[in-house]
Amino acid sequence: MRLSELFTKTRKQVPTDETSRNARLLIQAGFIHKEMAGVYDYLPLGVKVLDNISKIIRQEMNAVGGQEVRLTALQSKELWQRTGRWDDKVIDDWFKTKLASGSELGLGLTHEEPLTNLLTDYVSSYKDLPLIIYQIQTKFRNELRAKSGIFRGREFLMKDMYSFARTQKEHEQIYGLIRKAYFKTFKRFGIGDLTYLTFASGGIFSKFSDEFQTLTESGEDNLYLDERKKVAVNNEVYNANVLHELGLKKEQLQQKKAVEVGNIFSLGTKYSKVLGLEFTNESGQREPVIMGCYGMGVSRVMGVLAEVLSDEKGLVWPLEIAPAKAIIIKLGENQMVNELSEKLYKGLTTAGVEVLYDDRDLRAGKKFADADLMGIPYRVVISEKTADQGKYELKRRTQAQVRLQDYNGILKVLTGKTVGKLSNHS
RNA sequence: CGGGGUGUGGCGCAGUUGGCUAGCGCGCCGCGUUUGGGACGCGGAGGUCGAAGGUUCGAGUCCUUUCACCCCGACCA
């Protein structure tokens, strides 16, 4: 993408109606635009980030056998009434609307009901199970108070996955597998070291639900963290009994703030029983399916990355997530410089490398500042200084030193195996 | 939903006890000089002062109502 054609612009000043670091940076760099409280538009660079996060999630969820679907956002009142979750007294953050005919609809905030109901059409035998099904979809929640930028919005992108097992043992096996996949996913996001498995309230059939909490001062959850054991207890369930059960010692816990980036829990047969999702087992008897639920906030992860990986110059995206691997900065107008820049831009694009090309007629300082603000992992500068030797200057976002490389050298770094070996964040 | 704060060109802000043509910075347009870390000069364009109603000779400024946004709290499938 040529920056001369990109419609978004960076800003020197940030709107003061945002105080959260993630929203300020993302607005300043032109990744998102605020529509109203808790509701944000995703602009070209922001969409790329969401797509890259989603891509990693897809890879990891597919790796454990997940099948992707896309269910409707519009929800039938009758279906949710069957599980007792239509009532505003039960779920207070529904967005509800009406068909032209007058009948009520809800905007989906989670999808246990429709997916369970849908599967009754396809699951009838033990041979049809187990199943792991997920989607990445916009969710709507009528939060009383939106806060913390894109951490808690009223409309947000989420991965929600559901497992369907024949036996409790099989369920636990799947649950463990997915828990592992979650760790791997957060590691690939670049927040593995900051993300802790956290015991919390909320599970209906398990005593605890597993939350994945990323440490940050701007988080809204309070944890008691055992750094050695890599586990934490949510303030909600923190008491002497819980500590005893988990084998944690009060003296070894630190109090920390964190934001929940994932939450997984067992559902048992709560929904399958009510909605009639049953299968016939080997001995010909009907049994309800045992379910689990696995959430991960895609847009929230984007906010967390903006929040925790950024520095005083702006955003710092991990290589796999950045809207572009590299930004080519052309300095000055001269034939050699133009030719080298165009050649590299075309070469990288042809090689399938996502790259930004700053071909704008601006001063160097502005271009450098923008590249830093946008958090692009690699910066390639082309100017008169090195063009006559056919050299490019290569610099990482997080490092100070500059390396001189020729065309092939750059291509190798940005397309080759070398890329994977370099750490995302230093 | 309770408490606190804020709404003035695209963005950031100033605007005195009510007073004259509503200012400043950034950004934007034109010209020139510049050109490796957010350049400078000159000249421009751009405003229903969140909205509605009221008081007044006169309202950005005072009163009433209302909407929106932010923060703290409660809530959070």
Side-chain angles (χ1 to χ4, degrees), chain A residues 7-21 23-24 27-30 33-40 75 80 83-95 106-114 139-149 151-154 156 158 160 162 200-204 209 211 218-221 234-236 259-260 263-265 267 270-271 293-295 297 300 312-314 329-334 337 358 360-374 379-387 392-393 395 397 400 402:
Chain A
F7 79 83
T8 59
K9 291 176 183 172
T10 58
R11 297 181 185 181
K12 266 195 204 169
Q13 288 151 320
V14 204
T16 40
D17 69 348
E18 289 286 0
T19 55
S20 73
R21 181 172 175 78
R24 289 173 74 94
I27 290 172
Q28 204 183 346
H33 173 261
K34 184 184 208 157
E35 197 61 32
M36 57 185 96
V39 181
Y40 294 87
Q75 297 295 307
W80 289 78
T83 59
R85 295 211 295 174
W86 178 256
D87 197 322
D88 289 334
K89 287 184 209 99
V90 179
I91 293 186
D92 63 3
D93 54 359
W94 267 117
F95 272 111
L107 298 182
L109 34 68
T110 182
H111 280 76
E112 284 87 356
E113 278 82 348
K139 294 279 191 271
F140 299 89
R141 290 184 191 174
N142 202 348
E143 300 283 354
L144 265 75
R145 181 184 162 207
K147 59 188 285 197
S148 310
F151 280 7
R152 177 173 291 278
R154 298 197 165 97
F156 57 93
M158 176 171 164
D160 50 323
Y162 308 89
S201 65
I204 300 158
S209 75
E211 286 180 348
S218 56
E220 47 185 356
D221 285 7
N234 197 305
N235 188 36
E236 295 166 358
V259 55
E260 181 192 317
N263 188 4
I264 66 178
F265 49 94
L267 296 171
K270 177 180 159 125
Y271 298 101
C293 173
Y294 315 84
R300 182 179 280 186
E312 68 288 343
K313 287 178 177 170
I329 295 182
K330 181 177 72 121
L331 294 184
E333 281 298 330
N334 124 358
V337 168
D358 196 346
R360 299 175 298 177
D361 182 21
L362 293 172
R363 296 170 68 89
K366 165 77 172 156
K367 292 190 176 193
F368 294 150
D370 276 356
D372 288 340
L373 177 60
M374 291 189 283
R379 187 183 86 184
V380 183
V381 174
I382 300 151
S383 75
E384 285 179 316
K385 258 165 73 174
T386 57
Y392 300 84
E393 295 170 58
K395 180 189 167 301
R397 169 67 174 79
V402 173

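Here is the naming used below: chain letters follow the sequence lines, and residue numbers restart at 1 for every chain. Since we're looking at a predicted model, the values are computed, not measured.
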Check your understanding: What about A:Arg360: does its side chain form a donor-acceptor pair under 3.5 Å with the base of B:G38?
Key -> no

Exercise for review: Select one nucleotide: of B:C75, B:C26, B:C69, the one nearest the side-chain heavy atoms of A:Leu144.
Suggested key: B:C75

Review point. Is the distance from OP1 or OP2 of B:A39 to the nearest side-chain N or O of A:Arg363 less than 4.0 Å?
Key: yes

Point to revise | Approximate separation, where rounding is to 0.5 Å, of A:Phe151 CZ and A:Arg21 CZ | key: 10.5 Å

Check your understanding: With a 4.0 Å cut-off, would you call A:Glu112 and A:Arg85 a salt bridge?
Key -> yes

**Study point:** Under 4.0 angstrom between A:Arg145 side-chain N/O and B:C72 OP1 or OP2
**Key:** yes

Review point. Of A:Arg363, A:Lys12, A:Arg360, which meets salt bridge (charged side-chain N to carboxylate O under 4.0 Å, His left out) against A:Asp370?
Key: A:Arg360

Exercise for review: Round to a whole Å and report the spacing from CD of A:Glu143 to C1' of B:A74.
Suggested key: 13 Å

Review point. B:G37 C1' sits how many Å from A:Met374 CE, rounded?
Key: 15 Å

Review point. In whole angstroms, how far is the P atom of B:A68 from the CD atom of A:Glu35?
Key: 14 Å

Check your understanding: When you measure from the side chain of A:Asp17, which nucleotide among B:C69, B:G37, B:C75 comes out closest?
Key -> B:C69

Practice item. Report yes or no: does A:Lys367 contribute a side-chain atom to a donor-acceptor pair with the main-chain N or O of A:Lys330 at less than 3.5 Å? Key: yes

**Study point:** Minimum-distance nucleotide to A:Lys147 side chain [options: B:G73, B:C70, B:G38]
**Key:** B:G73

**Study point:** No-H, no-angle donor-acceptor pair, A:Arg11 side chain to B:G10 base, under 3.5 Å
**Key:** no

Review point. Heavy atoms under 4.0 Å, any strand shown: does A:Ala364 hit a base, just sugar-phosphate, or nothing?
Key: sugar-phosphate

Practice item. Sticking with atom C1', work out how far B:A14 lies from B:G7, rounded to a whole angstrom. Key: 15 Å

Practice item. Report which part of the nucleic acid A:Arg154 touches: base, sugar-phosphate, or nothing (heavy-atom distance under 4.0 Å, all strands). Key: nothing

Check your understanding: With a 3.5 Å cut-off and just heavy-atom distances, do the side chain of A:Arg152 and the base of B:C76 make a donor-acceptor pair?
Key -> yes

Point to revise | Between C1' of B:G10 and CD of A:Gln28, the distance in whole Å | key: 15 Å

Exercise for review: Using the six-membered ring wherever Trp is involved, compare the ring planes of A:Trp86 and A:Trp94 and label them parallel, tilted or perpendicular (cut-offs 30° and 60°).
Suggested key: tilted

Exercise for review: Determine whether any donor atom in the side chain of A:Gln13 lies under 3.5 Å from an acceptor atom in the base of B:G25, or the reverse, and answer yes or no.
Suggested key: yes

Check your understanding: Say you pick atom P in B:G46 and the same atom in B:A59; how far apart are they, in whole Å?
Key -> 24 Å

Practice item. Remember a base hit wins even if backbone is also touched, and classify A:Glu384 as base, sugar-phosphate or nothing at under 4.0 Å, heavy atoms. Key: nothing

**Study point:** Nucleotide nearest A:Thr19 when distance is taken to its side chain, options B:G38, B:C69, B:C71
**Key:** B:C71

Practice item. Could you give the distance separating B:A22 and B:G58 at their C1' atoms, to the nearest angstrom? Key: 15 Å

Check your understanding: Does the A:Arg152 side chain pair with the main chain of A:Gly38, one donor and one acceptor, at a distance under 3.5 Å?
Key -> no

Review point. C1' atom, B:G23 versus B:U33: distance in rounded Å?
Key: 29 Å

Practice item. Measure the NE2-CE distance between A:His111 and A:Met158 for me, rounded to the nearest 0.5 Å. Key: 10.0 Å

Review point. If the C1' atom of B:C11 is compared with that of B:G18, how far apart are they to the nearest Å?
Key: 30 Å

**Study point:** Nucleotide opposite B:G43 in a Watson-Crick or G-U pair, distances under 3.5 Å
**Key:** B:C29

Review point. How many Å lie between CG on A:Asp358 and P on B:G37, as a whole number?
Key: 15 Å

Review point. Under a 3.5 Å cut-off for both distances, is B:G38 Watson-Crick or wobble paired, and to whom?
Key: none

Study note, to complete from the structure: The reported gap from CD in A:Glu333 to CG in A:Leu331 (rounded to nearest 0.5 angstrom) is 10.5 Å

Point to revise | B:G27 versus B:G44 - spacing of their C1' atoms, nearest Å | key: 14 Å

Practice item. Both distances under 3.5 Å, Watson-Crick or G-U wobble: report the partner of B:C20, or none. Key: none

Review point. Between the base of B:G37 and the side chain of A:Asp372, is there a donor-acceptor distance below 3.5 Å?
Key: yes

Review point. Is the distance from OP1 or OP2 of B:C70 to the nearest side-chain N or O of A:Lys34 less than 4.0 Å?
Key: yes

Study note, to complete from the structure: A:Lys367 NZ to B:U35 P, in whole Å, measures 16 Å

Review point. On a whole-Å scale, what distance lies between the P atoms belonging to B:U6 and B:G43?
Key: 37 Å

**Study point:** Atom-to-atom span, CZ of A:Phe368 to C1' of B:G37 - whole angstrom
**Key:** 7 Å

**Study point:** Whole angstrom value for the distance that separates P of B:C76 from CH2 of A:Trp94
**Key:** 17 Å

Exercise for review: Name the residue closer to the 5' end of RNA chain B, choosing between A:Val14 and A:Lys9 according to the nucleotide with the nearest heavy atom.
Suggested key: A:Val14

Revision key, fill the gap. Any strand, both distances under 3.5 Å, Watson-Crick or G-U wobble: B:U56 pairs with none

Exercise for review: Could you work out the separation of B:U61 and B:G2 based on their C1' atoms and round it to a whole Å?
Suggested key: 30 Å

Check your understanding: Mapping A:Trp80 and A:Lys12 to their closest nucleotides on RNA chain B, which lands nearer the 5' end?
Key -> A:Lys12

Check your understanding: What is the pairing partner of B:G73, taking Watson-Crick or G-U wobble pairs with both distances under 3.5 Å in any strand?
Key -> B:C1

Study note, to complete from the structure: Out of B:C69, B:G38, B:G37, minimum distance to the side chain of A:Thr10 belongs to B:G38

